[in-house]
Amino acid sequence: MRTPMNADPLATVRNLGILAHVDAGKTTVTERILYATGTTHKRGEVHDGTTVTDFDPQERDRGITIFAAAVSCVWEGHRVNLIDTPGHVDFADEVERSLRVLDGAVAVFDAVAGVEPQSESVWRQADRHGVPRIAFVNKMDRAGADLDAAVASIRERLHPAPLAVQLPIGAEDAFTGVVDLLRMRALTWNGDGEAAGEAPVPEELRAEAHRRRRLLEEAVAELHPGALEEFCDTGSLGTGTLVSALRDLTLGGDAVVVLCGSAYRNRGVEPLLDAVLAYLPSPLDVPPVRATDGDGRERERAADPAAPLAALAFKVNATATGRLTYLRLYAGTMEKGDTVWDATARRTERIGRILRVQADRHAPVDRAVAGDIVAVVGLKSARAGSTLCAPDAPLVLEPPGVAEPVVSVAVEALRGTDTGRLASVLGRLAEEDPSLVVRTDPETGQTVLSGMGELHLEVAVEKIRREHGLGVNVGRPRVSHRETVGRGVSGFVFRHVKQDGGAGQFAHVVLDVEPLDTPEAGFAFRSVVTGGRVPQEYVRAVEAGCRDALAEGPLGGHPVTGLRVTLTDGSTHVKDSSDTAFRTAGRSGLRDALRACAMVLLEPVVEVTVTVPEDAVGGVLGDLAARRGRVTGSVTRAGATVVTATVPLAELFGYATRLRSRTQGRGTFTTRPAGHAPAPAAAPAR
């Protein structure tokens, strides 16, 4: 697996994330990778609170990953930059920001549960970013572990072609190793997780291994033209052809290589690292990054250390020793003391120090080059999503998307003298985590903190108390409603006329308002005005005004979504018409039109997956029904029943405690956003 000495150094870099459903074993996989590469000399354990990447006190207390943590290690002459991402849906925005800067990913699946709801969500996130993946089926030592069932669930629910390149040796407690189907060898580990070395395929597995190798060759030949040619000529595929074809299929997103093991018992980690080097891309294998230059033209910047600098900030962390900004360098070279241009804030910044990141520990380096993921000290204005570039070659990289918050709580300092300090701390939290939004309620004057879920806000409030020593009162959580059009209006006429001395304002518009197919479709605008009755520049102003009007709907001041506005007619005044007048007409006209429409209040809903013992199913179903839940499926496996239901988010506050009491602590549940649905006329407030 070593790279030739004269190869491009960037070919020996891998930037990857570990993705999975909560509790599938992402953090344990990361810890075992650090141990196998010699980066750590003791295996960190989640249950002992000794992991490298889950270093935050809350992560150790709760036993889950909350914040994406970057680590770096070396395997077979390659530098592997790893980001361990959260698995809980409340922290999906951390995953989104990480995926924006990664070249590849390892998706971890539970060998018993297969594809779980959040596995599917992070897989779709990776699809949107075009990130190539390989799959690692973890926990092969657990009762009920089944590699074939896990592979089948990948095929059915995620829809790539899963290509298993290993066959487990032993099952459940007797799982001791794997058969490498590419090189037809057995890899085993002893009771301490130390590799016992290569050996011939055991006699009892030989026939099955040859059968699976044949199936693998046939599946690859179907998907890869070069492999098909060799298969037709010789009737089989050589190991070199298989490896090359699997790499091409992985990079193209046409297939996913599947490996298996038990990270907790340290079995299967070394082959996983070999697969990372063999199949996942280096910075040279991904397309050049796209950006916009100062003139608004699209540019491409290849991964070249000699090119002008282009780097994206994807995470900001305020520590006791200063502000750390995590960067992915796409092009160019950055050295300690350099002056760079923050194209987002439009100001120059100076690089104080450059750090190679090991979760909460850092090693200073003098320079970073294209392909590196590092942290820098000294930046004052950079935020997550900021572009840093060479001052003489400015450009703006596309920032990661930020999800809209769905849950809000009111927060206030226990002591009036701490109000100013609380505002400062909340501002810093929102700076570190863009999915947290802080605002002041204009009606009540309360400070409102909004986030992605109950746990997200709970973690933020706990951080205020622990790290900043501030006592805070927290109000009842509230959800963010939306409004949409149930029945529209046609030919709504609005005239904006203003004459108060000097130049006046005149704009006349005729609007049609209609609902879109789904509320999630957002807003659409079009003009069918003919004969130049409304010039094109004024049409754009009308659209901008309509977008302004969407901020507050007529039912309760909630944002409006799921509608199409059509400008059908209008007129202008030779002197008094202007962009400002038509923007005002668009804004006021749509507001009045919405009052004439039949509006519908929407509430956020989530898909809930509840896993409970069979004897508790009845009580759980009754409780979901009382929470206005609609059950969509129920499956029994391994003595437990998995119920899926769609439930209004507002009804789920406090559900964790209720579920524990109904199931004597044996029930678990996960959620993922499922959009918005009409709220009942008199939904009970919670």
Side-chain angles (χ1 to χ4, degrees), residues 9-10 12-15 34 39-40 52-53 55-56 67-74 79-84 94 97-98 100-102 283 301 303-395 397 399-400 427-429 431-434 467-468:
L10 284 182
T12 65
V13 174
R14 298 290 184 275
N15 292 316
L34 294 178
T39 308
T40 58
V52 172
T53 52
F55 57 85
D56 187 272
F67 310 106
V71 291
S72 187
C73 56
V74 176
R79 174 161 295 284
V80 179
N81 296 316
L82 261 177
I83 297 183
D84 177 25
E94 283 273 323
R97 290 195 296 276
S98 300
R100 174 64 181 81
V101 299
L102 294 172
R301 197 65 67 82
D304 179 2
L309 176 68
L312 183 70
F314 65 95
K315 184 177 172 70
V316 174
N317 192 13
T319 69
T321 55
R323 198 164 171 272
L324 280 181
T325 306
Y326 292 77
L327 302 177
R328 162 69 194 266
L329 273 69
Y330 286 98
T333 300
M334 176 188 290
E335 296 191 356
K336 179 180 169 183
D338 278 356
T339 297
V340 298
W341 176 251
D342 182 339
T344 309
R346 303 190 64 78
R347 56 169 286 175
T348 56
E349 293 268 26
R350 187 175 177 277
I351 304 298
R353 288 185 295 152
I354 303 174
L355 305 171
R356 182 80 64 195
V357 184
Q358 285 302 101
D360 59 337
R361 297 189 291 274
H362 314 99
V365 293
D366 292 331
R367 65 203 298 264
V369 300
D372 273 343
I373 291 178
V374 294
V376 297
V377 179
L379 304 184
K380 293 182 173 61
S381 63
R383 304 286 185 267
S386 294
T387 299
L388 299 181
C389 55
D392 56 350
L395 48 72
L397 297 165
R428 190 182 304 176
L429 281 181
E431 182 183 313
E432 291 184 3
D433 183 354
E467 295 185 15
H468 302 283

(message) If you apply the rule side chain to side chain contact (heavy atoms under 4.5 Å, CB included), what do you find for Phe314 with Leu327, and how did you get there?
(response) CA-CA 6 Å; Phe314 65 95; Leu327 302 177; 5.7 Å; no
(request) Could you check Leu329 against Met334 for side chain to side chain contact (heavy atoms under 4.5 Å, CB included), going step by step and ending with a plain yes or no? (result) CA-CA 8 Å; Leu329 273 69; Met334 176 188 290; 4.0 Å; yes
(message) Go through it in stages, so that I can follow the logic: the residues are Glu432 and Asn317, the test is side chain to side chain contact (heavy atoms under 4.5 Å, CB included), and I'd like the CA-CA distance, side-chain angles, deciding distance and then a yes or no.
(response) CA-CA 6 Å; Glu432 291 184 3; Asn317 192 13; 3.9 Å; yes
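The shortest distance between side-chain heavy atoms of Thr348 and Val340 does not fall below 4.5 Å. Using a 4.5 Å heavy-atom threshold, the side chains of Asp342 and Thr387 count as separate. Asn15 is listed as a side-chain neighbour of Arg328, based on a closest heavy-atom distance under 4.5 Å. Between Asp84 and Val71, every side-chain heavy-atom pair lies at or beyond the 4.5 Å cut-off. Between Cys389 and Arg301 the shortest side-chain heavy-atom distance does not fall below 4.5 Å. At least one side-chain heavy atom of Leu312 sits less than 4.5 Å from a side-chain heavy atom of Val101. Side chains of Ile354 and Asp366 form no contact here, defined as non-hydrogen atoms less than 4.5 Å apart. Counting only heavy atoms from C-beta outward, the side chains of Val377 and Leu355 approach each other to under 4.5 Å.
Checking Ile373, Asn81, Leu82 one by one against Ser72, the side chain to side chain contact (heavy atoms under 4.5 Å, CB included) holds for a single residue, Asn81.
Judged by distance alone, the side chain of Thr333 and the main-chain N or O of Pro305 form a donor-acceptor pair under 3.5 Å. Using modelled atom types, one side-chain atom of Arg323 and one backbone atom of Leu379 make a donor-acceptor pair closer than 3.5 Å.
Taking every heavy atom of both residues into account, Pro391 and Pro394 meet most closely at O-CD, 3.9 Å. The shortest heavy-atom contact between Pro308 and Ala393 is CB-CB, 3.7 Å. Nearest approach of Cys73 to Thr39, heavy atoms of both residues: CB-OG1, 3.1 Å. Closest heavy-atom contact between Leu395 and Ala310: CD1-CB, 4.1 Å.
Counted by atom type alone, Glu349 and Ser381 present one or more donor-acceptor pairs between their side chains at under 3.5 Å.
Between Asp372 and Arg356 a salt bridge is recorded (basic side-chain N to carboxylate O distance below 4.0 Å). Between Arg97 and Asp433 there is a salt bridge, since a side-chain N of the basic residue sits under 4.0 Å from a carboxylate O of the acidic one. Of the charged side-chain nitrogens involved, at least one lies within less than 4.0 Å of a carboxylate oxygen, so that Glu94 and Lys315 count as a salt-bridged pair.
We find the CZ-CH2 distance between Arg347 and Trp341 to be 9.5 Å, quoted to the nearest 0.5 Å. Summarising the geometry, atom NZ belonging to Lys336 is positioned 14.5 Å from atom CZ belonging to Arg367; distances are rounded to the nearest 0.5 Å. Expressed to the nearest 0.5 Å, how far CG of Leu397 lies from OH of Tyr330 amounts to 7.0 Å. Considering OG1 of Thr325 and CG of Leu388, their distance stands at 8.0 Å, rounded to 0.5 Å.
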